[in-house]
Number of protein chains: 2
Amino acid sequence: MLPSPIPISEAESLVMEPLWRESPLASEQIVAAVQADSDWHEKTIRTLLNRLLGKGAVSAEKDGRRYLYSPVLSREQWQSQESRNLLDRVFGGRVAPLLAHFSRHEKLSAKDVDELRKLLDAIERKEH
Amino acid sequence: MLPSPIPISEAESLVMEPLWRESPLASEQIVAAVQADSDWHEKTIRTLLNRLLGKGAVSAEKDGRRYLYSPVLSREQWQSQESRNLLDRVFGGRVAPLLAHFSRHEKLSAKDVDELRKLLDAIERKEH
DNA sequence: GTCGATGAATTACTGACGTAATCTGAAGTC
DNA sequence: GACTTCAGATTACGTCAGTAATTCATCGAC
């Protein structure tokens with residue numbers, strides 16, 4: 001069974017960020033890390049952390065007087081959720097139109113193009 | 001100057017759908033078209049249409065006793081907005097990781113792969 | 001064993017969104 | 001011209017997200 005999607009908001013994803021880089025972390029460390037990239041109030045960050053806990057997107061283990069938090073939702077799972085959501089909502093669930101869109105509207109560097117070509121090669125080799 | 005983004009909600013995008021297929025349309029036609037794909041109440045659809053008007057995502061021109069509506073935000077512009085939003089929020093603004101993600105996690109048909117190869121060829125030819 | 005600090009839990013407020021119901025004004029009907 | 005009808009405009013209401021402030025519980029300091 002695929003991991004059932006855990007929807008998190010954009011603000012919540014920014015609180016996941018430090019946990020995706022390193023875990024477990026104490027809330028104080030999370031607050032510090034998030035504040036390095038934003039001007040959110042400590043209270044705000046703790047609220048978001050608690051909501052993530054409520055949703056099951058992070059877990060907490062008691063460490064003496066405080067908790068240590070770890071991600072349950074992985075960054076990859078989240079990226080999958082969000083990508084699939086865009087795909088379904090905006091491109092009728094089909095990948096090719098999305099990629100065509102990107103190739104038309106986003107500047108792809110020569111390096112991007114090269115990398116993509118290698119990806120395609122790898123996919124074809126896998127299919128045969 | 002790029003068209004400034006007009007954020008619309010998911011429900012609103014479903015009301016744009018018939019207008020993207022054909023325009024202008026009277027509200028009654030829009031209601032009928034949306035109801036073909038959903039069970040929303042007529043009032044709900046008209047409310048969404050009005051919000052879209054307020055946001056400037058559609059325009060209205062008087063036609064006797066009623067209005068005819070046309071999209072201002074094109075489907076392509078909307079797809080661009082949403083794609084860029086995903087890219088920035090989830091993939092740090094870089095295209096390659098997004099595509100790598102798709103190639104790893106989404107099933108691409110042989111036809112998709114072929115199509116993509118052609119796109120890459122076209123891009124390279126344009127760049128030289 | 002009381003007091004303050006500090007983390008966690010609870011509560012709060014605003015705006016947007018989903019989902020309508022109600023009100024209004026003009027156009028057609030009798 | 002009063003009455004109905006219907007499109008559009010206004011108002012409503014619960015929920016969730018963003019952004020906190022407030023309260024509670026516990027642990028260490030005196």
Side-chain angles (χ1 to χ4, degrees), chain A residues 5-19 24-70 73 78 81-82 85 89-90, chain B residues 5-19 23-35 37-70 73 78 81-82 85-86 88-90:
Chain A
I6 303 175
I8 67 177
S9 75
E10 179 170 0
E12 286 163 355
S13 77
L14 297 183
V15 174
M16 293 297 287
E17 198 62 44
L19 290 169
L25 292 178
S27 70
E28 196 191 345
Q29 297 174 285
I30 297 171
V31 167
V34 173
Q35 284 183 333
D37 297 318
S38 74
D39 57 351
W40 289 345
H41 196 285
E42 172 230 343
K43 299 295 188 187
T44 300
I45 298 166
R46 285 177 193 278
T47 297
L48 291 169
L49 186 56
N50 243 291
R51 287 185 185 169
L52 287 167
L53 200 54
K55 290 180 180 185
V58 311
S59 64
E61 125 200 45
K62 198 147 220 158
D63 173 50
R65 175 165 167 44
R66 72 199 63 192
Y67 287 107
L68 293 181
Y69 299 86
S70 298
L73 177 72
W78 171 66
Q81 288 177 190
E82 296 293 323
N85 185 270
R89 278 193 311 111
V90 178
Chain B
I6 303 175
I8 66 176
S9 75
E10 180 171 358
E12 286 163 355
S13 77
L14 295 183
V15 175
M16 293 297 287
E17 198 62 43
L19 289 168
S23 76
L25 292 177
S27 69
E28 197 191 343
Q29 298 175 284
I30 297 171
V31 167
V34 172
Q35 284 183 333
D37 298 318
S38 74
D39 57 352
W40 290 344
H41 197 285
E42 171 230 343
K43 298 295 187 187
T44 300
I45 298 166
R46 285 176 194 279
T47 297
L48 291 168
L49 186 56
N50 243 293
R51 287 184 185 168
L52 286 167
L53 202 54
K55 291 179 180 185
V58 310
S59 64
E61 123 201 49
K62 198 147 220 157
D63 173 50
R65 175 168 168 40
R66 70 200 62 196
Y67 288 106
L68 293 181
Y69 298 87
S70 298
L73 177 71
W78 172 66
Q81 288 177 191
E82 295 294 323
N85 186 270
L86 177 81
D88 290 344
R89 277 193 312 112
V90 178

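All values derive from a computational prediction rather than experimental measurement. Letters go in sequence order (proteins before strands), and every chain restarts at 1.
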Nucleotide [N], atom [atom2] - distance to [atom1] of [X] in whole Å:
X	N	atom1	atom2	value
Tyr67(A)	dT26(D)	OH	C1'	12 Å
His41(A)	dT19(D)	NE2	C1'	10 Å
Glu61(A)	dA8(C)	CD	C1'	16 Å
Leu49(B)	dC6(D)	CG	C1'	16 Å
Arg46(B)	dT24(C)	CZ	P	18 Å
Asp39(B)	dT19(C)	CG	P	8 Å
Leu14(A)	dA17(D)	CG	P	14 Å
Ile45(B)	dA20(C)	CD1	P	9 Å

Nearest 0.5 Å, what's the CG-CG distance between Leu19(A) and Leu73(A)?
->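 Interatomic distance, Leu19(A) CG to Leu73(A) CG, rounded to 0.5 Å: 11.0 Å.
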Between CG of Leu48(B) and OG of Ser13(B), what distance do you get to the nearest 0.5 Å?
->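 Interatomic distance, Leu48(B) CG to Ser13(B) OG, rounded to 0.5 Å: 10.0 Å.
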Counting distance only, does the side-chain N/O of Gln29(A) pair as donor-acceptor with the main-chain N or O of Ala26(A) below 3.5 Å?
->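 Yes; judged by distance alone, with no hydrogens or angles, the pair exists.
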Identify, between Asn50(B) and Ala11(A), the residue whose nearest nucleotide on DNA chain D lies closer to the 5' end.
->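 Taking each residue's closest nucleotide, the earlier one in sequence belongs to Asn50(B).
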What's [X] touching, base or sugar-phosphate or nothing? Going by heavy atoms closer than 4.0 Å.
X	result
Ser27(A)	sugar-phosphate
Arg66(B)	sugar-phosphate
Glu42(A)	nothing
Lys62(B)	nothing

Nearest listed nucleotide, side chain of [X], among [options]:
X	options	result
Thr44(A)	dC6(D), dA21(D), dT19(D)	dT19(D)
Thr47(B)	dT19(D), dA20(C), dA17(D)	dA20(C)
Tyr69(B)	dT19(C), dG8(D), dG18(D)	dG8(D)
Ser9(B)	dG18(C), dG7(C), dA17(D)	dG18(C)
Arg65(A)	dC27(D), dA9(C), dA26(C)	dC27(D)

Side chains of Leu53(A) and Tyr69(A) in contact at under 4.5 Å (non-hydrogen atoms) =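 Counting from C-beta outward, Leu53(A) and Tyr69(A) do come under 4.5 Å.
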Ignoring hydrogens and angles, answer whether the base of dT19(C) and the side-chain atoms of Lys43(B) contain a donor-acceptor pair closer than 3.5 Å.
->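 Flag unset: no donor-acceptor pair detected.
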What about Arg51(A), does its side chain sit under 3.5 Å from the base of dG18(D) through a donor-acceptor pair?
->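 For Arg51(A), whose side chain was compared with the base of dG18(D), there is a donor-acceptor pair (under 3.5 Å).
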Got a salt bridge between Glu82(B) and Arg89(A), using NZ or NE/NH1/NH2 to carboxylate O under 4.0 Å?
->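 Arg89(A) and Glu82(B): salt-bridged.
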Heavy atoms of other groups near Glu28(B) CD, more than 12 under 6.0 Å =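 Open: at most 12 neighbouring heavy atoms sit under 6.0 Å from CD of Glu28(B).
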Verify the contact: side-chain N or O of Trp40(B) to OP1 or OP2 of dG18(C), cut-off strictly under 4.0 Å; return yes or no.
->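 Result: no.
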